[in-house]
Amino acid sequence: MEFDRAGMNALMDIVARPELVFVRGEGSWLEDHTGKRYLDFIQGWAVNSLGHCPPEVRRAMEAQAGQLINPSPAYFNAPSMELARRITSASCFDRVFFANSGAEANEGAIKLARKWGRLNRNGAYKIITMDHGFHGRTLATMSASGKAGWDTMFAPQVPGFPKAVLNDLESVKALIDAETVAVMLEPVQGEGGVLPATQEFMQGLRKLTEEEGILFIVDEVQTGFGRTGSMFAYQQYGIEPDIMTLGKGIGGGVPLAALCAREAVSCFAYGEQGGTYNGNPVMTAVGVAVFDALMADGFLESVQARGRQLSEGLLELGAKWGFKGERGAGLLRALILDGDDGAAIVQTAMARTPEGLLLNSPRPNLLRFMPALNVSEEEISLMLAHLDEAITKVRG
Ligand SMILES: *Cc1c(COP(=O)(O)O)cnc(C)c1O
């Protein structure tokens, strides 16, 4: 197949992309327009929880598309109710609102917290978020994110997101005032470089927010739905938040996200929240299929086992090259390099022949790994071998 240059030029040029087109995917493998295969440890940015084109997801989409695609969000549909029931039964939350993207779910969380603040805390509206956090690309979620410059890039943006330091409880305490309504963070900062919140910090935050009478919001868009080895990452901290958002993995590759809240916090009045495609049956039917696959006997245990394998393999590789170690949770992991050649390693791994390897470098000194949750033991070993080879080429 020829590369479609006219097609490329018809798309908005918003990010540097390699001149290749992916045409096919299966499990942990992608194939480009020339027929070259790639071992994929990006998986659509931790989105394809069951790999490319998993049979469960295809079956669910086909069956639902043949039955009902969209009755309108003004009516109930069965798959959205089934998925909401599954999520509430597997978590500490009582109510779910489905959205189309992580940013939209987080917008919903911000609106819900502000509404709750109006009802319960004299109009308090500020939400404390973390330096280097990532919550999305809408105006409000860019302000909520802790990337340098993101709160002013499209100024005037949404105010009310003071920034604390991850794993520093005092830095959160110092920001709380009468106008504070919530604290919001990722249990593991994904885009920020795979930085896990500590047990002490999460437990301290739960205690602090309770004492102060403010809400605790976890953004599990990247960590939720099995990514860290439990259904939701908050469950590994022995705490129960008030609001949680989901995205990415919940849809197994299709646009699906969710805003989850405890009953006492679910305070939207009619007309305050909605959206044309929200909770549509095709996407939520996929969510049900993904949920059931993750909850099948032994699945999450295998995510944990593969996570340990990946962690040990990265540690070994890091030791061999004198790198600075690895970190993460479950199958969301990072290798910390001793130099800023992450992008070069990514490029070399991709260009490798006959088979390429797809990796991500969210920071110059870091490689991030987000394989399918059903990645095999052999595929992880193969990735480690290819990576070692790519590093040899770059460093050699
Ligand atoms: C990806 C991500 C988002 C944004 O999700 P989109 O679907 O891209 O809008 C929000 N929060 C976290 C933690 C993410 O990783």
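Remember, it's 1-based here, ligands and their atoms both numbered in the order they're listed.
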Linked, directly or transitively: V172 and V181 (ILVMFWY side chains, under 4.5 Å): no
For A90, side chain to side chain contact (heavy atoms under 4.5 Å, CB included) partners two or more places apart: F232, F291, M295
Between F268 and F97, ring centroids under 6.0 Å: no
Any pair counted as ring pair (Phe, Tyr, Trp, His ring centres under 6.0 Å), so long as it reaches residues 63-95, sequence neighbours left out: F93-Y234
For N278, side chain to side chain donor-acceptor pair (under 3.5 Å) partners two or more places apart: N100, E104
Aromatic ring pairing F3/H33, orientation class (parallel under 30°, perpendicular over 60°, tilted between): tilted
Amino acids in close contact with ligand 1, where any non-hydrogen atom sits under 4.0 angstrom away: S101, G102, A103, N106, F134, H135, G136, E186, D219, V221, Q222, K248
